[in-house]
Protein chains: 2
Amino acid sequence: MAAPALSALSDPGGAVLPAPVFPDPDLSASGESFTISDLARAFDITPRTIRFYEGEGLIHPTRRGSQRMFSRADRARLAWILRGRAVGFSLADIRELLDMYAPGQSRSAQLKATLEKSRERIAALEAQRNALDATIAELSDFCRTIEDKI
Amino acid sequence: MAAPALSALSDPGGAVLPAPVFPDPDLSASGESFTISDLARAFDITPRTIRFYEGEGLIHPTRRGSQRMFSRADRARLAWILRGRAVGFSLADIRELLDMYAPGQSRSAQLKATLEKSRERIAALEAQRNALDATIAELSDFCRTIEDKI
DNA sequence: CCAGCAGTTGACGTGAACGTAAAGGTCATC
DNA sequence: GATGACCTTTACGTTCACGTCAACTGCTGG
């Protein structure tokens with residue numbers, strides 16, 4: 001659970017993920033697009049990871065022949081995924097949330113779902129922290145016991 | 001990492017794990033011994049888990065024919081293993097520590113090694129907690145942002 | 001004598017999140 | 001036209017801590 005580099009969350013080079021908002025889904029036509037390793041470098045992950053995410057249905061880059069082409073929207077989406085991952089969502093969670101940003105869902109429903117998931121996650125994280133604190137206390141105690149024996 | 005039931009740590013029914021001290025390694029000869037499911041029940045784990053630990057070289061019960069027989073020392077050892085597991089040591093860590101309690105090692109060396117590992121673990125746990133706190137903060141922030149949009 | 005249970009072994013499955021070949025395509029450049 | 005950098009695919013490997021199954025043995029009670 002060693003929280004992955006939070007540094008990868010800033011979506012370098014552009015619109016710093018305005019949360020779940022995907023401003024211009026058609027930006028790909030307007031020129032700016034990225035290669036797989038562009039994004040890999042930008043977010044400090046491997047191309048393999050990105051392909052994996054595609055395989056898992058998290059991103060859907062377009063193709064020029066067989067090569068993946070990532071639009072700004074794709075990049076933002078990836079940033080979103082990484083942000084979710086960084087705060088401990090499973091890929092399944094992330095997919096579930098992302099699926100809500102498909103056509104046919106109301107925006108407020110999307111936001112509400114995201115909010116709810118986030119709150120659940122916070123609760124889980126707080127529980128984890130409490131457990132962690134307990135463990136730390138126990139181990140510290142254990143250390144003291146050992147020190148006494150020396 | 002959902003800290004496994006800390007309740008299983010008390011070594012029910014006997015010497016409540018006086019830390020890494022195995023008082024009477026020969027108690028098995030003095031009568032008291034346990035079956036695999038005795039211990040499984042006592043520690044609320046499955047027999048499979050115990051066999052797995054044996055396969056991993058963490059416990060070495062004696063045999064009567066093909067049946068495993070667990071002495072009090074074995075039981076204490078198992079309690080020790082579970083305690084280690086509960087505080088987040090990997091089985092590899094645990095094995096490493098347990099190996100030090102083999103003949104030929106000085107007791108103070110054993111204690112020192114255990115102490116060191118424990119301190120490392122505490123440091124790791126504290127780092128984890130800090131990361132967790134940061135994540136919680138970030139997620140809370142994220143929630144606020146979403147709330148504003150609604 | 002036989003059912004039933006507790007025990008044994010070994011092999012394979014699980015899940016998460018990728019990593020690691022292997023084998024090949026495509027493109028600009030020297 | 002050959003080299004190298006980059007891209008593609010499929011497919012199997014990894015780590016951890018077991019769970020699940022199958023097939024078997026051995027003991028005890030009725």
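Within every chain, numbering begins at 1; the chains are lettered A, B, ... in the order of the sequence lines, protein sequences first and strands thereafter.
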Check your understanding: Would you say B:Thr46 reaches D:dG19's phosphate, i.e. side-chain N/O to OP1/OP2 under 4.0 Å?
Key -> yes

Check your understanding: How long is the line joining CZ of B:Arg85 and C1' of D:dA17, in whole Å?
Key -> 9 Å

Check your understanding: Counting side-chain heavy atoms from CB outward, which of D:dC6, D:dT8, C:dA17 is closest to A:Ser37?
Key -> D:dC6

Practice item. Can you see which heavy atom on A:Phe89 is nearest to which on A:Lys117, and at what distance? Key: CE2-O, 3.7 Å

**Study point:** Among D:dC7, C:dG7, D:dA17, the one nearest B:Ile36 by side-chain distance
**Key:** C:dG7

Review point. When the distance from CZ of A:Arg95 to P of C:dC18 is rounded to whole Å, what number comes out?
Key: 13 Å

Point to revise | Options C:dT8, C:dC18, D:dT8, nucleotide nearest the side-chain atoms of A:Arg68 | key: D:dT8

Revision key, fill the gap. A:Gln67 CD to D:dC6 P, in whole Å, measures 12 Å

Point to revise | Non-hydrogen atoms of A:Leu58 and A:Arg77 that approach each other most closely | key: O-NE, 2.6 Å

Exercise for review: Using atom CZ of A:Phe43 as one end and atom P of C:dA17 as the other, report the distance to the nearest whole Å.
Suggested key: 18 Å

Review point. For residues 47-56 of chain A, which residues have at least one heavy atom under 4.0 Å from DNA chain C?
Key: A:Arg48, A:Thr49, A:Phe52, A:Tyr53

Review point. Of B:Leu91 and A:Asp38, whose closest DNA chain D nucleotide lies nearer the 5' terminus?
Key: A:Asp38

**Study point:** Sequence-distant partners of B:Phe52, side chain to side chain contact (heavy atoms under 4.5 Å, CB included), two or more places apart
**Key:** B:Arg48, B:Glu56, B:Leu91

Review point. Looking at A:Thr35, does any N or O in its side chain come under 4.0 Å of the phosphate oxygens OP1/OP2 on D:dC7?
Key: yes

**Study point:** A:Ser90 side chain near C:dA17 phosphate (N/O to OP1/OP2, under 4.0 Å)
**Key:** no

Check your understanding: Should B:Glu120 and B:Asp93 count as side-chain neighbours, where that means a heavy-atom distance under 4.5 Å?
Key -> no

Review point. Starting at CZ of A:Arg41 and ending at C1' of D:dC7, how long is that distance when rounded to a whole Å?
Key: 13 Å

Exercise for review: Examine the side chains of A:Ser71 and A:Asp74 and answer whether a donor and an acceptor come within less than 3.5 Å of each other.
Suggested key: yes

**Study point:** Whole-Å gap separating P (C:dA17) and CG (A:Asp93)
**Key:** 9 Å

**Study point:** Nearest atoms (heavy-atom pairs only) where B:Arg75 meets B:Phe34
**Key:** NH1-CZ, 3.4 Å

Practice item. Identify whether any heavy atom of A:Arg64 sits under 4.0 Å from a base atom; if not, whether one sits that close to sugar-phosphate; answer base, sugar-phosphate or nothing. Key: nothing

**Study point:** Side-chain heavy-atom pair B:Arg121, A:Phe142 within 4.5 angstrom cut-off
**Key:** no

Study note, to complete from the structure: Here the distance between atom P of D:dC18 and atom CD1 of B:Ile45, to the nearest Å, is 8 Å

